[in-house]
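Note that the coordinates shown come from a computational prediction; the quantities given were computed from them, not determined experimentally.
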Amino acid sequence: TGSGPLKPQDFSGPFEGWYVGYLRNAEGVATVAFATYVRSDSYASLRTYRQSVSRHVLSELGLWPR
């Protein structure tokens, strides 16, 4: 998981970011790994969006509770 400005050193402009993780089954074994890449107009909007969109996609796939 990480992020950075699209233009180096321009922290007031658009950002890109990743949200990376894995899910475990009931036995505690990692069963799914995922990585989400997004771009946004600012870090503030990227910060929460990358996690929420990841959870939404995982829910649609039946891998995360709704």
Worksheet item: Is Phe34 reachable from Leu61 through a run of hydrophobic residues whose side-chain heavy atoms are each under 4.5 Å from the next?
Response: yes
Practice prompt. With rounding to the nearest 0.5 Å, note down the distance linking OG in Ser54 to OH in Tyr37.
Written response: 13.5 Å
Worksheet, complete the sentence: Closest non-hydrogen atoms of Ser3 and Leu46, given as atom of the first, atom of the second and distance, are CB-CD2, 3.6 Å
Fill in: Approximate separation, where rounding is to 0.5 Å, of Thr48 OG1 and Tyr43 OH
9.5 Å
Worksheet item: Side-chain heavy atoms under 4.5 angstrom apart, residues restricted to Ile, Leu, Val, Met, Phe, Trp, Tyr: same cluster for Trp64 and Val32?
Response: yes
Discussion item. Can you tell me how far apart CG (Leu63) and CZ (Arg55) are? Round to the nearest 0.5 Å.
Written reply: 14.0 Å
Worksheet entry | Check: His56 and Gln51 side chains under 4.5 Å, non-hydrogen atoms | no
Worksheet item: Does some side-chain heavy atom of Thr1 sit less than 4.5 Å from a side-chain heavy atom of Trp18?
Response: no
Worksheet entry | Residues, nucleotides or ligands: over 12 heavy atoms within 6.0 Å of Asp41 CG | no
Fill in: Single-linkage hydrophobic cluster Val57~Leu23, side-chain heavy atoms < 4.5 angstrom
yes
Fill in: Ion pair Arg50/Glu16, N-O distance below 4.0 Å
no
Worksheet item: With the 4.5 Å side-chain cut-off for hydrophobic clustering, are Phe11 and Val38 part of the same group?
Response: yes
Worksheet item: Any chance the side chains of Tyr22 and Arg24 put a donor and an acceptor closer than 3.5 Å?
Response: yes
Worksheet item: At their closest point, which heavy atom of Ser59 faces which heavy atom of Pro65, and how far apart are they?
Response: OG-O, 3.6 Å
Worksheet item: Counting only heavy atoms not in Gln9, do more than 12 fall under 6.0 Å of its CD?
Response: no
Response to the item:
Between the OG atom in Ser40 and the CZ atom in Phe15, the distance rounded to the nearest 0.5 Å is 9.5 Å
Item to complete: Report yes if some heavy atom in the side chain of Leu6 is under 4.5 Å from a heavy atom in the side chain of Arg39; otherwise report no.
Response: yes
